[in-house]
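Structure record follows, encoded as structure tokens.
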Amino acid sequence: MEPDLDPKNIVGSIIKGSRLLDLYTTDRRELSLSEFTRESGYNKTTTYRLLQTLVAVGWLVRSANGDYRLGPRLLVLGAIARADLDLRNEALPYMQRLADEFGDTAFLMVPGPHGAVTIETIVGSNPVRVHGLAAGAVLPYHVAAGPVVLAAFSPEIEAAALAGERRRFTDHSTTEHDALRAKFAEVREQGYAFSAEDYIDDVCAVAAPVLGPDGYALASLSVGGPTNRFAEGLRERAVARVVEFAADLSAHLNS
């Protein structure tokens with residue numbers, strides 16, 4: 001235990017739950033109730049309640065045979081942790097090139113449990129900034145280019161976005177279920193997302209996915225700015241650059 005932690009402030013059940021998670025390894029991706037009970041030293045009732053709690057919050061899921069495996073929420077948290085380790089440093093040169101070339105704001109977003117998390121921004125020479133999208137901002141997955149790309153290239157995020165509530169931020173927000181599903185499919189097919197004033201009026205953006213070795217999105221790389229700067233010619237050039245840089249970044253991360 002860390003020396004600055006007061007034992008009175010420690011929640012024992014969370015420590016017990018984390019010890020169950022520590023039993024997983026790359027060679028042991030599913031464990032049964034009896035295995036958890038035997039190896040943790042907890043009694044069967046306590047172990048079962050802990051496992052059910054971990055399932056309820058999405059950290060574990062039940063497999064077809066009733067065993068337990070790591071759930072999608074841990075994958076999302078893992079993606080955020082990985083982003084802090086190496087993704088940001090690898091992405092910064094590409095973001096700087098986007099900001100320099102287009103004069104607008106470059107964004108790097110990663111999946112979070114409640115939306116796409118903006119972990120880095122670089123503002124170009126264009127004096128008009130995209131307000132409300134600083135580092136730390138969380139955006140819903142059904143609007144804006146970066147979040148939409150993350151959902152389109154992650155089946156679990158897409159399913160959650162289609163099943164959850166969808167706020168209409170502007171007149172251009174896509175909130176209807178079938179229309180949003182079609183939008184995700186289109187983004188997957190073309191390999192990028194273009195958003196036109198669907199999250200903030202008078203703001204457009206282009207985003208492409210940064211893919212992991214499994215083909216799912218680790219992050220999104222995007223550039224966004226005022227709508228009047230995204231005339232057709234600039235839009236095509238931005239799409240080409242963002243797709244190119246995102247593909248290069250994916251290759252570097254997976255090499």
Side-chain angles (χ1 to χ4, degrees), residues 55-59 61-64 69-80 83 107-119 130 132-133 137-224 227 230 232 235-236 238-240 242-243 246-247 249-250:
V55 169
V57 298
W59 291 4
V61 295
R62 300 293 296 274
S63 61
R69 56 185 175 83
L70 296 177
R73 193 163 188 179
L74 283 178
L75 297 178
V76 170
L77 294 176
I80 296 174
F107 301 92
L108 183 68
M109 299 182 185
V110 296
H114 305 296
V117 181
T118 306
I119 64 170
V130 182
L133 292 183
V138 179
L139 281 65
Y141 288 114
H142 67 288
V143 291
V148 167
V149 156
L150 292 176
F153 285 87
S154 174
E156 290 162 351
I157 294 176
E158 178 180 5
L162 291 172
E165 295 183 1
R166 295 177 291 275
R167 173 184 167 188
R168 181 174 296 278
F169 291 90
T170 73
D171 292 339
H172 302 283
S173 300
T174 302
T175 58
E176 198 273 330
H177 179 278
D178 290 345
L180 184 60
R181 182 172 58 183
K183 182 176 183 177
F184 289 148
E186 180 184 26
V187 168
R188 274 193 301 276
E189 181 177 353
Q190 64 190 16
Y192 68 90
F194 177 74
S195 62
E197 303 183 82
D198 65 344
Y199 182 61
I200 300 175
D201 286 323
D202 299 321
V203 171
C204 291
V206 173
V210 179
L211 300 175
D214 56 3
Y216 296 156
L218 295 173
S220 66
L221 180 67
S222 62
V223 61
T227 299
F230 277 80
E232 193 61 31
R235 170 179 168 176
E236 292 177 355
V239 167
V242 170
V243 169
L249 179 53
S250 300

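Index from 1, following the sequence. Bear in mind the structure is a predicted one, so any value in this text is a computation, not a measurement.
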Sequence-distant partners of Arg235, side chain to side chain donor-acceptor pair (under 3.5 Å), two or more places apart |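 Side chain to side chain donor-acceptor pair (under 3.5 Å) list for Arg235, sorted by chain: empty.
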Who are the side chain to side chain donor-acceptor pair (under 3.5 Å) partners of Arg62, not counting sequence neighbours?
->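 Partners of Arg62 by the side chain to side chain donor-acceptor pair (under 3.5 Å) criterion, ordered by chain and then number, come out as Tyr68.
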Taking the side chain from [X] and the backbone from [Y], do they hold a donor-acceptor pair closer than 3.5 Å?
X      : Y      : value
Thr118 : Met109 : no
Ser195 : Ala145 : yes
Tyr141 : Val148 : no

Could you tell me the separation between the CG atom of Asp171 and the CG atom of Asp201, rounded to the nearest 0.5 Å?
->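 So the gap between those two atoms works out to 7.0 Å.
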Going by the rule side-chain contact (heavy atoms from CB on, under 4.5 Å), which residues pair with [X] if we only count those two or more places apart in sequence or in a different chain?
X      : value
Val138 : Val117
Thr175 : His142, Arg166, Arg168, Ser173
Ala196 : Phe194, Cys204
Tyr216 : Pro155, Asp214

Can you find a heavy atom in the side chain of Tyr192 that is under 4.5 Å from one in the side chain of Val242?
->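 They are not in contact (no side-chain heavy atoms under 4.5 Å apart), so the answer is no.
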Please tabulate, for the side chains in residues 177-184, all donor-acceptor contacts under 3.5 angstrom to protein atoms that are two or more places apart in sequence or on a different chain.
| residue | atom | partner | partner atom | Å |
| --- | --- | --- | --- | --- |
| Asp178 | OD1 | Arg181 | NH2 | 3.3 |
| Lys183 | NZ | Asp198 | OD2 | 3.4 |

Where is the tightest heavy-atom contact between [X] and [Y], given as atom of each residue plus distance?
X      : Y      : result
Pro209 : Ala246 : O-CB, 3.5 Å
Pro140 : Pro147 : O-CB, 3.2 Å
Pro111 : Ala217 : CG-O, 4.1 Å
Val223 : Ala238 : CG1-CB, 4.4 Å
Ala219 : Leu150 : C-CD2, 3.4 Å
Leu218 : Val110 : O-CG1, 3.7 Å

Only counting residues at least two apart or in another chain, list the ones meeting salt bridge (Lys or Arg N to Asp or Glu O under 4.0 Å) with Glu158.
->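 Testing Glu158 for salt bridge (Lys or Arg N to Asp or Glu O under 4.0 Å), a comparison that skips the adjacent residues, returns Arg188.
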